[in-house]
K.L.:
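Structure in structure tokens, see below.
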Amino acid sequence: MVDQVKADCGLNTVILKADPAAPADRLRQQLERAAEALRAGLLVAFPTETVYGLGGNALLPDTVKRIYRAKGRPSDNPLIVHVSKIDEINPLISRWPRLALPLARKFMPGPLTLILPKSDLVPRAVSGGMDTVAVRIPSNPVANALLRQAGVPVAAPSANLSGRPSPTLAQHVYEDLAGRISYLVDGGPCTYGVESTVLDLASGPYPRILRPGAVTFEMIKDFLNQAQLMTEPETVWGPLLANEAGLNRVLPDGEHPRAPGMKYRHYAPLAPVIILEVRQVAELAAAMPNLKTLLALLEAEQEPEDHKGRQNAGAALRPGRSRTLCALLARAEAAAWPGQLQSSDNRLWDCQVSGFAEDHSGQAAAHDLFAAFRRFDQVGAAAIVAQIQPDNSLGRAYMNRLGKAASYRVSSKGIWCKDKQLGWVQVKAGEHLPAAAGKDGSLL
Ligand code: TXA
Ligand code: MG
């Protein structure tokens, strides 16, 4: 990547290298310009342990507005404010709800965002007009040093164009935001590859997970139990802490989103995404006929007359694409995947496969999900298949993001299409595909 780029949207985006393993004083030197730029109200993208962030001084309303513009993000979708240590949260909030400080001490710095009652210091532009503020302390050494050095709270959404997959490499940020930001701090790949857990502590006595991430429901529950801060029976824990089902509602216009993905498109590659519900190689052959049928149905969708006025962007094949199917699979299934597939309408598809290491935490899968979406778009994928992961740890975060990006599901038992009103509806043999809701993030 070149060091300085003249981009077409006005700004020169300067790339600054920062080494997360460098000694503190060396890192300080590397981050000097970026810290100064943040203080001055310029936009600076930087790595965190989750994904890259698009940062700006959270106390300057004009800078905050520029963040929304650079990202192309609707201004009622609030931003997370990043600081380097717990003391720096104090001025941003009006009070610490009962569980907040113990949770902050346990999990911060790290991949957890807390929603807290906001103070008057936080501009309304940051919180999308709400009376709460999202706060986070990244543990990534580059992010943490940059925030300490800047000495101002930094509002930072993920550093992708709105609706695109979150960036996990500096290269991804560059693709989306070159010319729209002043600096890009390149600190190498992000550790987790999915965004932080968002935990709401401001809407009542009980915590609620609004977005699953690397700090899991079980970790939060075990900590609160052991610290005797909350020892509720299972019947109370379930709906209160892991109420992910509540996130799947479609929001009408005018209502503020409580959680990421409730209203706006998220995590979407250009090609339609198909969830493959196969847990092991043995199930692969049984699911293949349904996948081949779905490819044929998607081919029929591609006809131009089908597209007039449809609100299903991302749900149908991109016209003019060669038939390349890209697949993100666990290594064993990747090894068993064929080089070519014949769809049920007898068209030949080339397959390109990415294999991730299997583990019980879903960590490798989560780490590669967004990066794979971007790689697949670049090779011109006509459709993307991604295999399911177990519903625990980072596997749950993976399934949450995949569910929001996907328009179709396939298993040995059938084909499903995401309908905006009805959720997942099964497609019967011989039927046309219903108009899919596409990647709008409203359903899982
Ligand atoms: O890992 C992360 O959280 C990354 C890195 C850069 O820190 N940031 C990130 O930001 O994912 P963003 O803006 O892409 O996602 C944050 C989500 C928003 O979609 C928003 O809906 C939600 O958090 N959020 C922010 N403030 C909120 C609030 N006051 N109440 C409820 N949800 C809020
Ligand atoms: Mg985002």
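These numbers come from the heavy atoms of this one structure, side chains and all, not from hydrogens, waters or symmetry mates. Count residues from 1 along the sequence.
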K.L.:
Would you call Lys17 and Asp186 a salt bridge, using N to O less than 4.0 angstrom?
P.N.:
yes
K.L.:
What are the two closest heavy atoms between Gly213 and Leu394, and how far apart are they?
P.N.:
C-CD2, 4.3 Å
K.L.:
Walk me through whether Leu402 and Phe373 qualify under side-chain contact (heavy atoms from CB on, under 4.5 Å).
P.N.:
CA-CA 10 Å; Leu402 177 57; Phe373 281 169; 4.2 Å; yes
K.L.:
Examine the side chains of Arg211 and Thr113 and answer whether a donor and an acceptor come within less than 3.5 Å of each other.
P.N.:
no
K.L.:
Quick check against the 3.5 Å criterion: does His367 have a side-chain atom that pairs as donor or acceptor with the backbone of Tyr192?
P.N.:
no
K.L.:
Which atoms form the tightest heavy-atom contact between Pro78 and Gly128, and what is the distance?
P.N.:
CB-N, 4.0 Å
K.L.:
Holding to side chain to side chain donor-acceptor pair (under 3.5 Å), I want the full list of residues that pass it with Ser139, two or more places apart in sequence or in another chain.
P.N.:
Glu49
K.L.:
Who pairs with Thr63 by side chain to side chain donor-acceptor pair (under 3.5 Å), at least two apart in sequence or on another chain?
P.N.:
none
K.L.:
For Asp368 and Arg374, run salt bridge (charged side-chain N to carboxylate O under 4.0 Å, His left out): C-alpha distance rounded to whole Å, both residues' side-chain angles, the deciding distance at 0.1 Å, then the answer.
P.N.:
CA-CA 10 Å; Asp368 201 32; Arg374 284 178 180 265; over 6 Å; no
K.L.:
Among Val385, Val353, Ile384, which residue satisfies the side-chain contact (heavy atoms from CB on, under 4.5 Å) criterion with Leu325?
P.N.:
Val385
K.L.:
CG/Leu116 to CG/Leu199 distance, rounded to the nearest 0.5 angstrom?
P.N.:
9.0 Å
K.L.:
Tell me, with the steps shown, if Ile115 and Leu201 meet side-chain contact (heavy atoms from CB on, under 4.5 Å).
P.N.:
CA-CA 6 Å; Ile115 310 290; Leu201 295 174; over 6 Å; no
K.L.:
Kindly give the heavy-atom pair with the smallest separation between Ser411 and Trp416, and that separation in Å.
P.N.:
OG-CZ3, 3.5 Å
K.L.:
Could you walk me through whether Arg164 and Asp377 pass the salt bridge (charged side-chain N to carboxylate O under 4.0 Å, His left out) test, one step at a time?
P.N.:
CA-CA 11 Å; Arg164 298 270 298 135; Asp377 271 345; 3.3 Å; yes
K.L.:
Within a radius of less than 6.0 Å around CZ of Arg28, do more than 12 heavy atoms belonging to other residues, nucleotides or ligands occur?
P.N.:
no
K.L.:
Quiz question: by atom type and distance under 3.5 Å, do the side chains of Ser119 and Arg95 form a donor-acceptor pair?
P.N.:
no
K.L.:
Which heavy atom of Cys326 sits nearest to which heavy atom of Val379, and what is that distance?
P.N.:
SG-CG2, 3.7 Å
K.L.:
Main chain of Gly187, side chain of Tyr52: is a donor-acceptor contact present, judged purely on distance under 3.5 Å?
P.N.:
yes
K.L.:
Given the rule in the side-chain contact (heavy atoms from CB on, under 4.5 Å) test, do Leu103 and Leu224 qualify, once you have shown the distances and angles that lead to the verdict?
P.N.:
CA-CA 8 Å; Leu103 282 165; Leu224 293 177; 4.0 Å; yes
K.L.:
Measure across Ser166 and Phe370 and return the closest heavy-atom pair with its distance rounded to 0.1 Å.
P.N.:
O-CB, 3.3 Å
K.L.:
For Gln29, give me all partners under side chain to side chain donor-acceptor pair (under 3.5 Å), at least two apart in sequence or on another chain.
P.N.:
Arg26
K.L.:
For Arg279, look at atom CZ and say whether over 12 heavy atoms of other residues, nucleotides or ligands are found less than 6.0 Å away.
P.N.:
no
K.L.:
What are the two closest non-hydrogen atoms of Ser127 and Thr132, and how far apart are they?
P.N.:
CB-O, 3.1 Å
K.L.:
Hey, is the main chain of Ile181 close enough, under 3.5 Å, to the side chain of Thr13 for a donor-acceptor pair?
P.N.:
yes
K.L.:
Judged by modelled atom types alone, do Ser203 and Arg208 share a side-chain donor-acceptor pair under 3.5 Å?
P.N.:
no
K.L.:
Any chance you could lay out the side-chain contact (heavy atoms from CB on, under 4.5 Å) test for Phe107 and Phe223, step after step, and finish with the verdict?
P.N.:
CA-CA 10 Å; Phe107 294 108; Phe223 167 69; 4.2 Å; yes
K.L.:
Are Arg396 and Glu218 within salt-bridge range, i.e. N to O under 4.0 Å?
P.N.:
yes
K.L.:
Taking the basic N atoms (NZ, or NE/NH1/NH2) and the acidic carboxylate oxygens, is any pair closer than 4.0 Å for Arg33 and Glu36?
P.N.:
no
K.L.:
Within the side chain of Tyr68, is there an N or O that forms a donor-acceptor pair under 3.5 Å with the backbone of Ala125?
P.N.:
yes
K.L.:
Going by distance alone, is a donor N or O of one side chain under 3.5 Å from an acceptor N or O of the other, for Gln387 and Glu333?
P.N.:
yes
K.L.:
What's the spacing between Lys404 NZ and Met399 CE if we round to 0.5 Å?
P.N.:
12.0 Å
K.L.:
Any side-chain donor-acceptor pair under 3.5 Å between Arg148 and Asn144?
P.N.:
yes
K.L.:
Does Asn90 have more than 12 heavy atoms from other residues, nucleotides or ligands lying within 6.0 Å of its CG?
P.N.:
yes
K.L.:
Would the distance check show the side chain of Arg331 and the main-chain N or O of Phe356 forming a donor-acceptor pair, the cut-off being under 3.5 Å?
P.N.:
no
K.L.:
Taking 4.0 angstrom as the limit, do Arg409 and Glu277 come out as a salt bridge?
P.N.:
yes
K.L.:
Are a donor atom and an acceptor atom from the side chains of Thr50 and Glu195 found within less than 3.5 Å of each other?
P.N.:
no
K.L.:
Between Gln352 (side chain only) and Ala327 (backbone N and O only), is there a donor and an acceptor less than 3.5 Å apart?
P.N.:
no
